[in-house]
Amino acid sequence: MAIDINRVSIIIPAMNEEAIIGQVVQGVGKVMVESDFDFEILVVNDGSTDNTGVVAEQSGATVVHHTYNMGNGAAIKTGIRNASGDVIVMLDGDGQHNPQDIPRLLSEIDRHAMVVGARSKSSQTQWHRDLANRVYNLLASYVCGRPIPDLTSGFRAIWTRLARNFVYLLPNTFSYPTTLTLAVIRAGHCVKYVEIEAALRVGKSKIRLFRDGTRFLVIIFRITTLFSPLKVFLPVSVGLLILGVVWYIYNFVFVYHHFPPTSVILILSSVFIFLTGLVSEQVAQLRFDRSEGEGCISHDSQRQKESH
């Protein structure tokens with residue numbers, strides 16, 4: 001391939017995936033050898049109570065062990081910290097992701113900061129998760145100001161240096177793809193979505209719809225206030241302002257010709273929230289200066305600049 005990548009680190013978080021992890025590791029290894037990449041496969045054994053770690057190691061992976069279950073996101077963070085490649089590919093250890101799609105993601109990484117495998121409509125996914133993902137995608141699209149076709153996909157390639165810049169933001173739970181996507185995009189980096197077809201996972205899912213779904217929503221708002229606070233503060237401010245004005249008009253027309261105290265409180269609250277959002281926006285700009293990122297330039301061009 002013409003892509004200038006010195007080494008690729010494949011990170012596979014796994015917890016009690018003894019039945020499938022061997023096939024996943026072998027499939028990834030076969031694809032990477034055929035693609036002529038220098039690579040390593042890191043399986044992070046997240047406190048498994050079965051032989052996941054042993055099977056992964058016998059299949060050719062380097063295994064990093066958690067002594068107890070810390071969470072899917074914690075496993076990814078361990079993988080990022082231990083990766084030796086200049087590009088990281090993350091995929092699930094439950095058989096959902098086809099290793100044959102890895103070269104497709106890597107073929108785009110030289111022109112983008114991160115490449116995400118977006119699940120197509122033909123993917124074998126459950127209807128309630130599809131419905132939840134649509135809600136998450138809409139919220140994320142509003143936050144980022146661009147269409148987000150698959151916010152929660154765990155199949156992605158990212159430059160190692162960039163991943164390590166944001167690793168402290170990632171939660172220890174299944175919500176790490178949400179955080180990573182919003183952080184990378186709101187920091188001014190380019191993200192590419194490549195359509196993939198995901199299969200049904202092998203074994204029982206560890207995601208709980210209500211618990212993890214609620215956590216996803218909280219994380220969306222948390223990352224929004226971190227990177228683009230006005231996206232949260234402005235709608236609340238406008239809503240309170242409209243409510244205060246409407247309540248004043250109602251009281252003036254139908255009750256008494258005075259400015260009601262409730263309207264005063266609502267309008268003043270609207271002003272205070274807007275000003276708080278404005279200050280927060282300035283702080284966010286100072287903390288996450290977009291000039292530090294490569295944006296949408298080619299990483300080949302960036303390396304040439306650094307070499308000079």
For Ser35 and Met32, indicate whether the former's side chain and the latter's backbone hold a donor-acceptor pair under 3.5 Å.
no

Parallel, tilted or perpendicular: rings of Phe166 and His189 (30°, 60°):
perpendicular

Which atom pair, heavy atoms only, marks the closest approach of Trp159 to Asp86?
CE3-O, 3.3 Å

Can you tell me which residue pairs pass the salt bridge (charged side-chain N to carboxylate O under 4.0 Å, His left out) test with a partner in residues 39-51, sequence neighbours excluded?
Arg7-Glu40

With rounding to the nearest 0.5 Å, note down the distance linking CD1 in Ile21 to CG in Asn51.
12.5 Å

Geometric cation-pi criterion Lys231 and Tyr142, 6.0 Å radius, 45° cone:
yes

Give a yes-or-no answer on whether the side chains of Asn251 and Ser263 include a donor-acceptor pair shorter than 3.5 Å.
no

Gln96 and Asp94: side-chain donor and acceptor closer than 3.5 Å?
yes

Whether the side chain of Glu57 engages the backbone of Val63 through a donor-acceptor N/O pair (distance < 3.5 Å, no angle test) should be reported.
no

Side-chain heavy atoms nearer than 4.5 Å, only ILVMFWY residues, links allowed to pass through others: does that put Leu278 and Val238 together?
yes

Which atom of Val194 lies closest to which atom of Arg104, heavy atoms considered:
CG1-NH2, 3.1 Å

Any luck finding a side-chain donor-acceptor pair between Ser237 and Ser270 under 3.5 Å?
yes

